[in-house]
Amino acid sequence: MAESPITPREKDFATWYQDVVIQGDMAEPAEIVKGCMVIKPNGYAVWEVLQRELDTRFKATGHQNVYLPLLIPESFLKKEAEHVEGFSPELAVVTVAGGKKLEEPYVIRPTSETIVGHFFAKWIQSHRDLPMLINQWANVIRWELRTRMFLRTTEFLWQEGHTAHSTHEEALEEVIRMLDVYAEVAEDVMAMPVVKGVKTRAEKFAGALRSYSIESMMQNGLALQAGTSHDLGQNFGKAFDVQFQSKEGKLDYVWQTSWGVSTRLIGGLIMTHSDDKGLVLPPKMAHRKVVIVPIFRKDDEKAIVMEAAAKLAKEVGAHIDTREGHSPGAKFFHWERRGVPIVLELGPRDVAAGNIVIKRRDSGTKEIIPQTELAAKVAETLEAMQRDMFAKAKQRLADNTVVANSLGEVREILDDVTAEKGGGKFVMAHLKDDPANDAAIKEFRASVRNIPLVDEYDGPGKCIITGEEVAQRVVIAKSY
RNA sequence: CGGGGCGUGGCUCAGCCUGGUAGAGCGCCUGGUUCGGGACCAGGAGGCCGGAGGUUCGAAUCCUCUCGCCCCGACCA
């Protein structure tokens, strides 16, 4: 028995994660470029599934795709005071082009609110131009000091939605609508349960009135911000002079929103479902759902097995592993590490008996069934897997969410938690939304993840720091 | 930016202290035997030892400079 190339979660969760990403052939560090990664075919295919699922929903809610420039004039960033302050430290700037020093440097986009502001000002004159609903699929660069594959890389892929509305109410509806879209994709497609909520003022997007997020829990108990949706108010409208004339003939600034999810979701997917044997993909996220490993010795056996395999593969849309020079065992490990939901084994014994062996990736259960029942069994198994994986993740979230009623208690629960050691929890506590309180939590390197939109706890209570009455408990956790 | 580690065949690393013909395992190629959970045997290809300079008869090894990567903290989708 060869030693597993994957570090067990128990031993070191962070290393386990790296191992799963690499052994699952999802991505590898770019090495030649600091903090960047190469997304490999197996990883990019997952991104393509996400893109399809999200894009379909964006279109269904009335959005259209656009593409904006990668480079932003430096002065644009400075137009919104909070925005530039928030992003300055992590900008990459182009100062030389065409062999000449540029008069005004270009910033490589960390996000496109400013460019959007500029073009919205050109495109919007009347209330009839509203709402303006656009989305961009793009890459962005944020010069982060600490990177981890998929979770935080210097360059990453994402989508950023940008909308403009004539009223704040309408903009807020949009913010929540898109947050709901994210939650739906996370839960129904990725089988990754999330907590929807409002970010504290200290944690909001630079330049927003308020930010909303979906937070998910990884297997080590750390929180992952899986998606954000921002109520930008009229901040960017004023900064970029995006005005429209109302029905009554009055001029007003537009109310904007922006929302995004990134390749980070792939990291979340991995850390939600995978195990010590490697990647586990929920069926809806798997581009290759079923693989057949044929087993044979002699050429005559090979002929009959391959014939049966071809017929069954066609029936269930399976990929046949025809690679030569690899034993069946090696092939099982190969697909297991890559997270394929169902692996079918087909050998001479099965062909003779009219059977086939079906193996589920998540539970590891193996079953021998008649070939005539295969199509129905595959469909049923994929459905059950999707359901079971979500239920399991949801249970883990519930099991690791605890209530605390004092700052000391919160600290005790979270103090020793690290990405490597795990043991993280979502701690529900009453806390006033005040930057000073966020700072107190930061002292032990935890943070307020969000204030849930739906309070599933005991309603109002006294803030664990100030003692003031607050409406509900917030989620406090260590996070990525 | 502070602390730590590391650059040697595709990968993981040994060799460096004590200078003297560049190694191992895995992977790869060829042939044969295998094949129901990581097969075995035989043969083979592949490296100016991150870069520059210096010391020396001679440098992967010693000295100086330099570039880069990884890990740990402060910042973050």
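Order of the sequence lines sets the chain letters (A, B, ...), proteins ahead of strands, with each chain counted from 1. Since the structure is predicted, the reported quantities are computational estimates derived from the model, not experimental observations. The analysis underlying the following values was restricted to heavy atoms, covering all of them including side chains, and did not include hydrogens, waters or symmetry mates.
- The CH2 atom of A/W143 sits 18 Å away from the P atom of B/A77 (whole-angstrom rounding).
- Across all strands shown, B/U34 forms no Watson-Crick or G-U wobble pair with both distances under 3.5 Å.
- In this structure, the CH2 atom of A/W137 is 14 Å from the C1' atom of B/A77, given to the nearest Å.
- Atoms CD1 (A/I22) and P (B/C11) sit 12 Å apart, rounded to a whole Å.
- Using a 4.0 Å heavy-atom criterion, one finds that A/F296 contacts the bases of the nucleic acid, with or without backbone contacts as well.
- Under the 30°/60° scheme for interplanar angles, the aromatic rings of A/H118 and A/F76 are found to be tilted.
- Near RNA chain B, defined here as any heavy-atom distance below 4.0 Å, there are no residues from residues 270-283 of chain A.
- Here the nucleotide nearest the side chain of A/E144, chosen from B/A74, B/G37, B/A77, is B/A77.
- Between the side-chain ring of A/F156 and the base of B/A77, a stacking contact exists by the 5.5 Å and 30° definition.
- Taking 4.0 angstrom as the limit, A/Q18 places a side-chain polar atom (N or O) nearer than this to OP1 or OP2 of B/C71.
- Taking CD1 of A/I292 as the start and CG of A/D321 as the end, the distance is 10.5 Å to the nearest 0.5 Å.
- In this structure B/A24 sits in a base pair with B/U12, meeting the Watson-Crick or G-U test at under 3.5 Å.
- Nearest-nucleotide positions on RNA chain B for A/T147 and A/R349 put A/R349 closer to the 5' end.
- Of all nucleotides present, none satisfies the Watson-Crick or G-U wobble test against B/G58 with each distance under 3.5 Å.
- A/P348 comes within 4.0 angstrom of a base, heavy atoms only.
- Relative to the side chain of A/R445, the nucleotides B/G38, B/C35, B/G73 differ in distance, and B/G73 lies closest.
- Across all strands, A/L151 comes closer than 4.0 Å to base atoms (heavy-atom distances).
- Nucleotides B/U18 and B/U61 are separated by 14 Å at their P atoms, to the nearest Å.
- Looking at heavy-atom distances under 4.0 Å, A/G347 makes contact with a base.
- Salt bridge annotation for A/R177-A/E174: present, with a cationic side-chain nitrogen under 4.0 angstrom from a carboxylate oxygen.
- Listed nucleotides: B/C35, B/G37, B/U34. Nearest to the side chain of A/E336: B/G37.
- Within 4.0 Å of A/S262, counting heavy atoms only, lies at least one base atom of the nucleic acid.
- A distance of 6.0 Å or more separates the ring centres of A/F150 and A/W47.
- Ring-plane geometry between A/F13 and A/W16 is classed as tilted, the angle between the planes lying from 30 to 60 degrees on a 0 to 90 degree scale.
- When distances are taken from the side chain of A/E420 to each of B/G36, B/C72, B/A77, the shortest belongs to B/C72.
- B/C69 is paired with B/G5 under the Watson-Crick or G-U wobble criterion, all donor-acceptor distances under 3.5 Å.
- Residue ring and base: A/F332 does not count as stacked with B/G37 (centre distance below 5.5 Å and interplanar angle below 30° not both satisfied).
- For the pair A/R297 and B/G36, the criterion of a side-chain N or O lying under 4.0 Å from OP1 or OP2 is not met.
- The distance from atom CD1 of A/I356 to atom P of B/G36 is 17 Å, rounded to the nearest whole Å.
- The phosphate of B/G73 has OP1 or OP2 within less than 4.0 Å of a side-chain N or O from A/R146.
- OP1 or OP2 of B/A39 has at least one side-chain nitrogen or oxygen of A/S327 nearer than 4.0 Å.
- The side-chain contact (heavy atoms from CB on, under 4.5 Å) test with A/T272 singles out one residue from A/M389, A/R396, A/M217, and that residue is A/R396.
- Looking at the side chain of A/A330, the nearest of the listed nucleotides B/G38, B/C35, B/G37 is B/G38.
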Passes ring pair (Phe, Tyr, Trp, His ring centres under 6.0 Å), A/H83 versus A/F236? Steps please. CA-CA 9 Å; A/H83 191 66; A/F236 287 89; 5.1 Å; yes
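- In this structure, B/G43 forms a base pair with B/C29, meeting either the Watson-Crick or the G-U wobble geometry with both donor-acceptor distances under 3.5 Å.
- Protein atom CD of A/E90 is 9 Å distant from nucleotide atom C1' of B/A77, rounded to whole Å.
- Ion pairing between A/E307 and A/K311 fails under the 4.0 Å rule for side-chain N and carboxylate O.
- Spacing between atom NZ of A/K478 and atom C1' of B/A74 amounts to 14 Å, rounded to whole angstrom units.
- With respect to A/D433 and A/R210, a salt bridge is recorded, a charged nitrogen being found less than 4.0 Å from a carboxylate O.
- A search for side-chain hydrogen bond (donor to acceptor under 3.5 Å, both in side chains) contacts involving A/Y212 returns nothing, not counting sequence neighbours.
- Residue A/R148 places its side chain closer to B/C72 than to any other of B/C35, B/A77, B/C72.
- For A/K298, whose side chain is taken as the heavy atoms from C-beta onward, the closest listed nucleotide among B/A74, B/A77, B/U34 is B/U34.
- Here A/V261 lies out of heavy-atom contact (under 4.0 Å) with every strand.
- Spacing between atom CD of A/E324 and atom C1' of B/G31 amounts to 14 Å, rounded to whole angstrom units.
- The nearest whole Å value for the distance from the CG atom in A/D299 to the P atom in B/C35 is 13 Å.
- Among the heavy atoms of the strands lying under 4.0 Å from A/T153 is at least one base atom, whether or not backbone atoms are also near.
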